[in-house]
Novice: 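Okay, here's the structure, questions in a sec.
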Amino acid sequence: MPTRHRRIAITETPDVKAALDALRARMGSEPISMRELLIRGAREKAREIEGEDEATVARRARFLEDLRTGRPLPYAIDEDAARAVKLTGLSDVPPLVDTP
């Protein structure tokens with residue numbers, strides 16, 4: 001199908017297949033979105049290049065898991081940052097910081 005957008009082809013070489021098989025085993029019958037994987041991977045790589053440390057990544061993951069599961073948040077929410085996320089996405093928001 002014609003498109004103005006660049007196309008990408010991925011071959012399931014042994015290392016790619018191993019990573020996808022591990023994910024498939026965890027996801028069960030839910031299909032894998034290659035688009036989502038590519039977006040997440042690109043964002044993760046960009047964070048890695050920008051020098052985001054593991055603690056920041058872990059706090060962000062914990063925050064997202066708390067939101068997904070509906071667990072009460074053990075830290076204060078910055079309403080201005082939440083508004084910025086709603087309007088612009090996470091790229092313009094400073095990293096999460098635990099409150100004492």
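Residues: numbered from 1 along the sequence shown. All values derive from a computational prediction rather than experimental measurement.
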Novice: Atom CZ of residue position Arg68 - does it have more than 12 heavy atoms of other residues, nucleotides or ligands inside 6.0 Å?
Specialist: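 Counting other residues, nucleotides and ligands, CZ of Arg68 exceeds 12 neighbours.
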Novice: For the CG atom of Leu37 and the CD atom of Glu44, what is their distance to the nearest 0.5 Å?
Specialist: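 So the gap between those two atoms works out to 12.5 Å.
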Novice: Mind listing the side-chain donor-acceptor pairs of residues 13-22 below 3.5 Å, one per line with the distance, residues two or more places apart or on another chain?
Specialist:
residue: Thr13; atom: OG1; partner: Asp15; partner atom: OD1; Å: 2.6
residue: Lys17; atom: NZ; partner: Asp21; partner atom: OD2; Å: 2.6
residue: Asp21; atom: OD1; partner: Arg24; partner atom: NH1; Å: 3.2

Novice: Working to the nearest 0.5 Å, report the span between CG of Leu38 and CE of Met34.
Specialist: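 One gets 10.0 Å once the value is rounded to the nearest 0.5 Å.
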Novice: Side chains of Asp80 and Arg83, heavy atoms from C-beta outward: is any pair under 4.5 Å?
Specialist: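 Contact flag for Asp80/Arg83 side chains = yes.
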Novice: Residues two or more places apart in sequence or in another chain: which of them pass side-chain contact (heavy atoms from CB on, under 4.5 Å) with Arg71?
Specialist: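 In terms of side-chain contact (heavy atoms from CB on, under 4.5 Å), with neighbours along the sequence ignored, Arg71 is linked to Glu65, Asp66, Thr69.
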Novice: Is there a salt bridge (Lys or Arg N to Asp or Glu O under 4.0 Å) between Arg40 and Glu36 once you walk through the steps?
Specialist: CA-CA 6 Å; Arg40 284 181 178 223; Glu36 179 186 5; 2.9 Å; yes
Novice: Indicate if Ile10 and Met27 have the same hydrophobic cluster label, given that clusters are the connected sets of ILVMFWY residues with side-chain heavy-atom separations under 4.5 angstrom.
Specialist: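 Ile10 and Met27: one cluster.
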